S.K.: 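Below you'll find the structure I mean.
Predicted model only: the values in this text are computed from it and were never measured. Side chains are part of it too, since the values below use all heavy atoms of this structure and drop only hydrogens, waters and symmetry mates. The chains referred to below are lettered A, B, ... by the order of the sequence lines, with proteins before strands, and numbering in each begins at 1.
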There are 2 protein chains.
Amino acid sequence: MYINLLGYVCLFKRKCKNLLHKCRILLNYSVKKITALSKNMTKSKIPKPAIERLCTLYRFLDMCEEEGTTCISSAQIEKQLHIGSHNVRKDISYLNLSCSGSGGYNIKKLKSQIAAQLGFTQPQNICIVGLGRLGTAILAHERIAESEYNLAAGFDSNINKLETIRTRVPVFPSYEIESVVRQMNITLAIIAVPADAAQSVADKLIGAGIRGIVNFAPVVIKTGKSGVFINNVDILGKLNLLTALLKANSSEIYQ
Amino acid sequence: MYINLLGYVCLFKRKCKNLLHKCRILLNYSVKKITALSKNMTKSKIPKPAIERLCTLYRFLDMCEEEGTTCISSAQIEKQLHIGSHNVRKDISYLNLSCSGSGGYNIKKLKSQIAAQLGFTQPQNICIVGLGRLGTAILAHERIAESEYNLAAGFDSNINKLETIRTRVPVFPSYEIESVVRQMNITLAIIAVPADAAQSVADKLIGAGIRGIVNFAPVVIKTGKSGVFINNVDILGKLNLLTALLKANSSEIYQ
DNA sequence: TATTTGCTGTGAAATATTTCACAAGTCATT
DNA sequence: AATGACTTGTGAAATATTTCACAGCAAATA
Ligand SMILES: NC(=O)c1ccc[n+]([C@@H]2O[C@H](COP(=O)([O-])OP(=O)(O)OC[C@H]3O[C@@H](n4cnc5c(N)ncnc54)[C@H](O)[C@@H]3O)[C@@H](O)[C@H]2O)c1
Ligand SMILES: NC(=O)c1ccc[n+]([C@@H]2O[C@H](COP(=O)([O-])OP(=O)(O)OC[C@H]3O[C@@H](n4cnc5c(N)ncnc54)[C@H](O)[C@@H]3O)[C@@H](O)[C@H]2O)c1
């Protein structure tokens, strides 16, 4: 009993300390909030899951357009992408546009609207670090050339590789990452180096002012800098996810 | 006015029809629901976002374990993975286990618990279709060999490639997909063929009883069969997502 | 022209997910 | 032993997201 009581006293002290801390944070927060509100914060923000779906949709529309389709309805999208038609319509409604016409959405119009809202209109310069098997596979990717991304540079630490590689993309030794990234105004990077080199490469890239990284090496890249987005594409993680979903799904069926 | 009224009558009729349809669905649904309930459906299901995070966490723990760490706290995980510590604890709490000890979670214990709950304990056989640049990069992946997945087969339509390729994984011509997949009891597949071949390869795989596919070709794979999960890894989609997040983030800052 | 069909767009309701707050535990230090 | 500094685990509150239902429009059809 006695010991417990002392424990509470200790807890109480800590709470007081926490409370003070909270007050400070709250004060700070209110100031920020008020500033934000006063700046007429009217723009409704799009939920993150909706953004992800819209990206998928955008890629899909691109595909459809190439096949010559001009119109598509939310019901058709549901069938192809396995995204509920309600959901598709809701996502599109976040864009505040009107594509209503017979036979569904006008693909060209919808695509350009998504691009406008999500920021795909300005072509961005991207680079690849690591020109091994994976790196060259990406260099040869069928659709990058015609996309809104301009593959501006490739980097590798192996000088021999730089000399023998055959590609239209200019390649550089990796100690030039910093200067080339700055000079060419490259904003996004793809990492395809072995796991143990990935973090140091990422640090260099972030130091050079890169805003986003797609990382294929099987490590979790850390970034101290806020405002830098990292997307780790680990194939084992994908396999794990499939396994887990299969398990969850099957147990849904069996009980 | 008049035409509008007729419109309403028409709407009303449609509603009646819909109502009937709904009744039929509802009836069907109730029957299913009751069956499910009677089977003592007590297991609480893990939210899908939590499953995704747990997969990432699992990969991360694997990495930590190799580096020799034995313990990790939710706060440390927050720093490394950018998943809030509240969130980490909540996700882990879905697993119904108790890892509480000083200094945080015991990595070994936590890993095996996640594996048990998410179904990573049984090794699964996987295969790769398309042994070009990307395919061979995956064959050479640093961590697959030591993972819970057994790379059981590779397929390619190009016979010359099959003869020249150097790997410990047995390779087959792609017309043998169906028989090999069945014989070896392969459950998951990775597609690394050009875009125009991807859907037909997927159809073959699904026909052979595959349960999950990771698709690297830049097309959206469709599956008629329910219970088959597909994960499309499109690098352009990833780049799009980064672009969109950057835009959303920056507009958050500026308003 | 009179109906019917099919589709979008969107508030509001229903769900799902995240965040919070705190009891309760462990261990190191005084 | 007394205290303090760490933990985790978890209902409940707060938010976020999805689903629904239907007005309203445009085109197709009878
Ligand atoms: N989907 C996936 O997640 C996936 C698929 C395949 C491979 N991978 C991973 O991608 C990575 C690369 O695979 P790969 O098969 O192309 O390997 P690779 O060995 O063929 O190529 C690696 C390249 O990186 C270069 N490199 C090494 N250190 C470097 C540095 N510090 N700076 C610049 N370049 C450097 C090397 O010279 C080499 O050219 C591996 O980590 C692999 O596990 C991931
Ligand atoms: N992260 C990504 O999303 C990413 C990265 C790189 C490449 N890619 C894509 O991956 C795919 C493959 O790229 P790659 O560079 O390895 O191409 P590649 O041309 O080097 O290899 C393709 C291989 O597939 C084989 N193939 C063709 N048709 C086949 C069939 N019907 N059945 C079995 N095998 C068949 C070919 O013989 C060849 O060996 C491309 O679609 C590319 O766009 C995606």
S.K.: In whole angstroms, how far is the C1' atom of C:dG9 from the OH atom of A:Tyr105?
M.R.: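 One finds 7 Å between C1' of C:dG9 and OH of A:Tyr105, rounded.
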S.K.: Does A:Ile191 reach the side chain of A:Val214, with side-chain heavy atoms less than 4.5 Å apart?
M.R.: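 No, their side chains stay 4.5 Å or more apart.
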S.K.: What's the shortest heavy-atom distance between A:Val220 and A:Gln199, and which atoms?
M.R.: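 Heavy atoms only, the tightest pair is O-OE1, 4.1 Å.
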S.K.: Would B:Tyr149 and A:Asn240 count as having a side-chain donor-acceptor pair, cut-off 3.5 Å?
M.R.: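 B:Tyr149 vs A:Asn240: donor-acceptor pair found between side chains.
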S.K.: What integer distance in Å separates A:Gln76:CD from C:dG6:P?
M.R.: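 It is 13 Å, rounded to the nearest whole Å.
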S.K.: Specify the closest pair of heavy atoms between B:Ile72 and B:Ile107, including all atoms of both residues, with the distance to one decimal.
M.R.: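 Minimum heavy-atom separation between B:Ile72 and B:Ile107: CG2-CG1, 3.9 Å.
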S.K.: Between residues 47-64 of chain B and DNA chain C, which residues have a heavy-atom gap below 4.0 Å?
M.R.: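 Under 4.0 Å from DNA chain C: B:Pro47, B:Lys48, B:Pro49, B:Arg53.
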S.K.: Looking at residues 80-90 of chain A, who's got a heavy atom less than 4.0 Å off DNA chain D?
M.R.: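 Residues of residues 80-90 of chain A under 4.0 Å from DNA chain D: A:His86, A:Asn87, A:Arg89, A:Lys90.
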S.K.: May I ask you to say whether A:Arg143 pairs ionically with A:Glu66, meaning some side-chain N is under 4.0 Å from a carboxylate O?
M.R.: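 Looking at A:Glu66 together with A:Arg143, the answer is yes, because their closest N to O distance falls below 4.0 Å.
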S.K.: Does the pair B:Glu78/B:Arg53 count as a salt bridge with the N-to-O cut at 4.0 Å?
M.R.: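 Between B:Arg53 and B:Glu78 there is no salt bridge, as every charged N stays at least 4.0 Å from the carboxylate O atoms.
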S.K.: Pick the nucleotide of DNA chain D nearest each of B:Ala75 and B:Ser93; which residue has the one closer to the 5' end?
M.R.: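 Nearest nucleotide further toward 5': that of B:Ala75.
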S.K.: Whole-Å distance between C:dT8 P and A:Gln113 CD?
M.R.: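 My rounded result for the distance is 16 Å.
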S.K.: May I ask you to evaluate whether A:Tyr94 reaches the phosphate of C:dT10, defined as a side-chain N or O under 4.0 Å from OP1 or OP2?
M.R.: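 The answer is no; no side-chain N or O of A:Tyr94 sits under 4.0 Å from OP1 or OP2.
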S.K.: Could you report the tightest heavy-atom contact between A:Ser147 and A:Ile144, atom names first, then the distance?
M.R.: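 The pair with the smallest heavy-atom distance is OG-O, 2.7 Å.
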S.K.: A:Thr70 versus A:Glu65: any side-chain heavy-atom pair under 4.5 Å?
M.R.: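 A:Thr70 vs A:Glu65: side chains apart.
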S.K.: Whole Å only: how far is the NZ atom of A:Lys79 from the P atom of C:dG6?
M.R.: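 About 12 Å, once rounded to whole Å.
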S.K.: Check the distance between D:dT8's P and B:Asn106's CG and give it to me in whole angstrom.
M.R.: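 Going from B:Asn106 (CG) to D:dT8 (P), I get 12 Å.
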S.K.: Could you give the CG-to-P distance, from A:Asp91 to D:dT19, as a whole number of Å?
M.R.: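 After rounding, the reported distance stands at 10 Å.
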S.K.: Per the end-axis method with five pairs at each terminus, what is the bend angle of the helix from C:dT1-D:dA30 to C:dT30-D:dA1, to 10°?
M.R.: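 Comparing the axis at each end, I get an angle of 10°.
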S.K.: State, to 0.1 Å, how close B:Ile221 and B:Ile230 come at their nearest heavy-atom pair, and which atoms those are.
M.R.: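 Result for this residue pair: CG2-CD1, 3.3 Å.
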S.K.: Roughly, in whole Å, what's the span from CD1 in A:Ile92 to P in C:dC7?
M.R.: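 After rounding, the reported distance stands at 14 Å.
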S.K.: Looking only at heavy atoms, what is the nearest atom pair of A:Leu246 and B:Gly212, with distance?
M.R.: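 Smallest interatomic distance, heavy atoms only, reads CD1-N, 4.5 Å.
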S.K.: Can a side-chain donor-acceptor contact be found between A:Ser74 and A:Tyr105 if the only test is distance below 3.5 angstrom?
M.R.: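 There is no such pair between these side chains.
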S.K.: Mind calculating the distance between CD (B:Glu78) and C1' (C:dT19) to the nearest angstrom?
M.R.: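 In whole Å, C:dT19 C1' lies 12 Å from B:Glu78 CD.
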